[in-house]
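Just so it is clear, the values below take in all heavy atoms, side chains as well, and ignore hydrogens, waters and symmetry mates. Remember, predicted model here, so these are calculated numbers, not experimental data. When a ligand or atom number is given, it counts from 1 through the structure's own listing order.
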Amino acid sequence: MAKVLVVEDNPANMKLTSLLLHSAGHIVLPAVDAETGLRLALDEQPDLILMDIQLPGMDGLAATAILKQDPATEAIPIIALSALAMKADKERSQTAGCDAYIVKPLRYKELYSVMDHLLQVSPPPANQTVPLSLPAE
Ligand code: MN
């Protein structure tokens, strides 16, 4: 089970994505724009981020670049979601620091496969603190 931040402005896509994630037992943090996504990423430290590229205002690639430049969020894997099968989008997403790239509409097998891979290889967040001792009871 992972905590997954989904940054997606299209309600139908958000619904589908949430359904797929919930079906796999994940917790979904929804954000409808980049600004909300950035705040949730900092506050909630999700295990993974699904980032729509085309968002109103700041786009998903600009938001990714900010997250990857911040030590507090740089270790969180980000999967770029593109509505268009454009090679330029894939290259731009890699340049921005995205760890993977998926073309919408989402196919559950591809989503689960990419997520499993990223959740396995990703190191724990740098700011995750491990308690030195258990609380005395
Ligand atoms: Mn969009």
Side-chain angles (χ1 to χ4, degrees):
M1 184 182 76
K3 186 158 70 171
V4 182
L5 169 62
V6 180
V7 188
E8 169 64 77
D9 63 307
N10 179 287
N13 286 337
M14 177 64 85
K15 196 171 176 183
L16 170 65
T17 307
S18 298
L19 186 70
L20 292 177
L21 293 171
H22 284 146
S23 297
H26 300 304
I27 296 167
V28 177
L29 304 170
V32 296
D33 56 40
E35 289 78 6
T36 309
L38 291 174
R39 183 169 46 75
L40 281 175
L42 269 173
D43 292 350
E44 299 287 340
Q45 294 289 310
D47 302 300
L48 186 91
I49 299 173
L50 296 183
M51 182 74 78
D52 181 25
I53 290 180
Q54 290 194 300
L55 296 167
M58 183 192 298
D59 74 17
L61 297 180
T64 295
I66 290 173
L67 292 169
K68 290 298 183 182
Q69 284 161 21
D70 186 337
T73 51
E74 66 181 355
I76 305 171
I78 299 179
I79 302 174
L81 304 177
S82 171
L84 306 165
M86 292 180 65
K87 193 161 183 286
D89 260 5
K90 185 168 189 174
E91 289 169 357
R92 287 169 61 228
S93 71
Q94 287 168 343
T95 303
C98 293
D99 300 271
Y101 172 87
I102 293 180
V103 174
K104 293 188 284 187
L106 289 183
R107 285 152 297 178
Y108 73 94
K109 279 186 182 170
E110 181 183 17
L111 176 65
Y112 294 165
S113 155
V114 172
M115 282 185 58
D116 284 350
H117 175 68
L118 289 177
L119 290 170
Q120 275 172 18
V121 300
S122 92
N127 62 348
Q128 183 173 312
T129 53
V130 178
L132 294 175
S133 61
L134 293 172
E137 293 228 37

Rounded to the nearest 0.5 Å, how far does [atom2] of [Y] lie from [atom1] of [X]?
X     : Y     : atom1 : atom2 : value
Ile53 : Asp89 : CD1   : CG    : 4.0 Å
Leu67 : Leu42 : CG    : CG    : 7.5 Å
Leu5  : Arg39 : CG    : CZ    : 10.5 Å

Do any N/O/S atoms of Asn13 come under 2.8 Å of the Mn ion (ligand 1)?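 No.
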Shortest-distance N/O/S atom, Asp52 versus the Mn ion (ligand 1):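 When I compare the N, O and S atoms of Asp52, OD2 is nearest to the Mn ion (ligand 1).
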Atom name of the N, O or S atom in Asp9 that lies nearest to the Mn ion (ligand 1):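 The Mn ion (ligand 1) is closest to the Asp9 atom OD1, counting only N, O or S.
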Side-chain donor or acceptor of Tyr112 paired with backbone N/O of Leu20 under 3.5 Å: yes
